[in-house]
Amino acid sequence: MIFSSDDKSCIPVRPVKAAIHPALSCIVRFLSFTNIKTKMKNENSLRSTVNMIKGDDTAPGTDSDNIQDEGTEVDKMDMWRMGKQQQLRRNFRFFSIFGFITVLMATWEAQLSGSIFGLINGGTAGLIWTYIGTFAGLMCAIISMAEMASMAPTTGGQYHWVSEFSPPSAQKFLSYLVGWVCVLGWQTGSVLVSFVIASQVQGLAILNYPDTYQPERWHLTPITIAILTACMTFNTLFYRHLPLLETLALVLHITGFFGILIPLWVMGARPASSREVFFTFTDGGGWGNTGLSCLVGMLSPVFGFLGADSATHMSEELRNASKTLPRAMIITMVLNGTLGFVMLVTFCMILGGFGDGLDDILSTATTQPFIQVFYEVVQNKSGATFMTCIIILTEACGVINNIATSSRQLWAFARDKGVPFSGWFAVVQSKNNLPVNSLIFTYVFAVSVSFISIGSSIAFNVITSLGVAALLSSYIISVGCMTVKRIRGETLLPSHFKLGKMGLPLNLFSFLFLVLSFVMSFFPPTPQPAAEAMNWTVVVYGAVILFSLVYYAIRGRHVYAGPVSYVRKSV
């Protein structure tokens, strides 16, 4: 018998009288944690079991038959084991969720738009080699999280994994803390990327109308709001078409890569020596140590690899999530890592061809060095504009995905009563099965933050830069919990994707790399910077953590039990 941990109701599992259909083998593996050596008669027998599960009312939320029927039997068993009701539609399949992650990360686009920080600290050589190191470190981290996602495919993601996998004495507090930093990290992401896009739009205006357009910083705010509004529309009115949009965006992401790469290869200036590009390190930040300067500049490639965990926050909208999630996460990292490396090396080689004119490129009036490089390469404003628009469109699709991820993360945490006004945030609209209130908050928060840039660029930069540190800290704690579990030799949940004997080395390496990246995310671009150039992220990050701890002490600890309290255990 399989018993619920709370009501001790049992669900009979009948023995098999005939051969098991191959499609049921994955379900049998998932049921192995009950230590019951039984087999199932056929798919109809399993469906009858699932129907009994659907009738269980111990988890919050409500079910509807049409939503339940969209998932596989394994999805239903996963949701039952985790004590959650199916409230969202499982619209996504492998290619649509693969496109979702790939476009949200936008790695090769990020290497062009965000490379200036790494070029100052490390130069072309530093940027290339830190990219390789960052790819190796974050690849191990994503593989580690892919295994956890296969074990527990839930919208909660990291804070749920911490609740299940951390030592019992720390489960509640650590899960609560990770939930807050995940919400913080994702909520700031959409406004940051939208502001980056707005800066690129303004850069195109400067390029095409240098004599008539006078740029002002406040111009970026209405452009940012317009981008956010358009992306919010896709997340609400056109939500049913998001899987199709993700597939089309994936096509644009890949074809756009070649649409930019080929002109750069054919028409770009050739450097005097490739050795100079790959082995000439610079300390443009003035740190007095080239190695430290390169570590400070590693934030550029790190930014391009964050976001692969976004798929986990859409897992309750993904069919066959426990099997599809790890595949999509790992393949995305391989594809984006490869495209990003090719584009980065190409970009650095072209920059090496400018020689003494590199300073003029970095200080371009467009404020976007890659736009100036496009123009210098093709010697045509229309061509440079077209190439830039490819990046703008793919990044805009990434904002759509970021809003979706942010709202789902907030909704999941509210479902477990982790934030103030949880009852309001946890509402799912019955008409379209969307967490509309969480979507509204995500949009309003992003728009509100965009207004801050008018009054204070320092405050705006601090808030939007929180995302990197927040997400890295959630990775650190979740991977760290799995590492401790393996060191102690504790039994892991069964899953489709298993690391086996390589699990502990991969967990350890990724944990150490994540800690290094987390520390470097708080460094300013130069030592002893002026107030406007200082990296104030650590101050605001600390303030948010302090607020969450105060709320936990006053109310959170009384209402937040953690996802593990809903998990059904075997006896």
Side-chain angles (χ1 to χ4, degrees), residues 100 103-106 109-110 113-114 179-202 217-239 242 245 249 303 306-307 309-310 313-314 392-414 419-421 424-425 427 434-471 474 537 540-541 543-544 547:
F100 185 96
V103 173
L104 185 145
M105 290 176 63
E109 294 91 339
S113 59
W180 268 89
V181 296
C182 276
V183 169
L184 169 67
W186 281 109
Q187 287 294 325
T188 58
S190 55
V191 64
L192 171 60
V193 180
S194 297
F195 191 82
V196 168
I197 297 173
S199 301
Q200 294 167 359
V201 171
Q202 188 178 65
R217 184 175 178 85
W218 69 265
H219 294 173
L220 298 174
T221 298
I223 301 175
T224 300
I225 294 174
I227 295 168
L228 288 168
T229 302
C231 294
M232 179 65 174
T233 302
F234 275 100
N235 272 283
T236 50
L237 298 181
F238 304 112
Y239 165 70
L242 270 187
L245 174 66
F303 180 73
L306 289 180
D309 63 303
S310 61
H313 306 304
M314 302 295 291
I392 290 175
L393 285 175
T394 55
E395 289 177 338
C397 291
V399 175
I400 296 174
N401 300 349
N402 206 307
I403 291 176
T405 303
S406 304
S407 62
R408 300 326 188 265
Q409 171 66 47
L410 175 59
W411 168 77
F413 198 41
V419 295
F421 312 107
W424 187 80
F425 286 119
V427 170
L434 281 176
V436 175
N437 291 349
S438 293
L439 276 165
I440 292 173
F441 176 84
T442 299
Y443 171 73
V444 172
F445 176 83
V447 170
S448 301
V449 171
S450 69
F451 279 109
I452 296 177
S453 66
I454 299 177
S456 172
S457 60
I458 298 177
F460 177 81
N461 291 336
V462 168
I463 294 175
T464 55
S465 62
L466 281 172
V468 174
L471 289 180
S474 73
T537 303
V540 182
Y541 180 87
V544 173
F547 174 82

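Note that the numbering runs from 1 along the sequence shown for the chain.
- One finds the CG atom of Asn402 at 5.0 Å from the CG atom of Leu104 (value rounded to the nearest 0.5 Å).
- In this structure, OG1 in Thr394 is found 8.0 Å from CD1 in Ile197, a value given to the nearest 0.5 Å.
- Using a 4.5 Å heavy-atom threshold, the side chains of Gln187 and Thr405 count as separate.
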Worksheet entry | CA sep, side-chain torsions, deciding dist, call: Trp411, Leu439, side-chain contact (heavy atoms from CB on, under 4.5 Å) | CA-CA 9 Å; Trp411 168 77; Leu439 276 165; over 6 Å; no

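- Between Val427 and Val436 there is no side-chain heavy-atom pair separated by less than 4.5 Å.
- Here the straight-line distance linking atom CZ of Phe195 with atom CD1 of Ile227 works out to 10.5 Å at 0.5 Å rounding.
- When all heavy atoms of Leu228 and Ser194 are compared, the pair lying nearest together is CD2-OG, 3.2 Å.
- Of all the heavy atoms in Ile403 and Ser190, the pair that sits closest is CG1-CB, 3.9 Å.
- Using a 4.5 Å cut-off on side-chain heavy atoms (C-beta onward), Leu192 and Phe303 make contact.
- With a 4.5 Å cut-off on side-chain heavy atoms, Met232 and Leu237 do not count as touching.
- Between the side chain of Ser453 and the backbone N or O of Val449, no donor-acceptor pair lies under 3.5 Å.
- With values rounded to the nearest 0.5 angstrom, Tyr443 atom OH is found 14.5 Å from Ser407 atom OG.
- Here the side chain of Ser406 pairs a donor or acceptor atom with the backbone of Trp186 at under 3.5 angstrom.
- Although no hydrogens or angles enter the test, the distance criterion places a donor-acceptor pair under 3.5 Å between the side chain of Ser438 and the main chain of Phe425.
- Scanning both residues, Gln409 and Gly179, for their nearest heavy atoms gives NE2-O, 4.2 Å.
- Of the inter-residue distances, the one linking Asn235 atom CG with Asn401 atom CG reads 8.0 Å to the nearest 0.5 angstrom.
- How far OG1 of Thr442 is from CZ of Arg408: 9.0 Å, rounded to the nearest 0.5 Å.
- In this structure, the side chains of Ile454 and Arg217 stay at 4.5 Å or more apart for every pair of heavy atoms.
- The closest side-chain heavy-atom distance from Tyr541 to Val181 is below 4.5 Å.
- The minimum heavy-atom distance between Met105 and Leu306, with the atom names listed, is CG-O, 3.6 Å.
- The aromatic rings of Phe441 and Phe445 lie parallel to each other, with less than 30° between the two planes, well short of the 60° mark.
- Nearest heavy atoms, Asn437 versus Trp424: ND2-O, 2.8 Å.
- Across all their heavy atoms, His219 and Gln202 have their closest contact at CB-NE2, 3.7 Å.
- Thr221 places a side-chain N or O within donor-acceptor distance of the main-chain N or O of Ser450, the cut-off being under 3.5 Å.
- Side-chain contact between Ile400 and Val103 is absent, with no heavy-atom pair separated by less than 4.5 Å.
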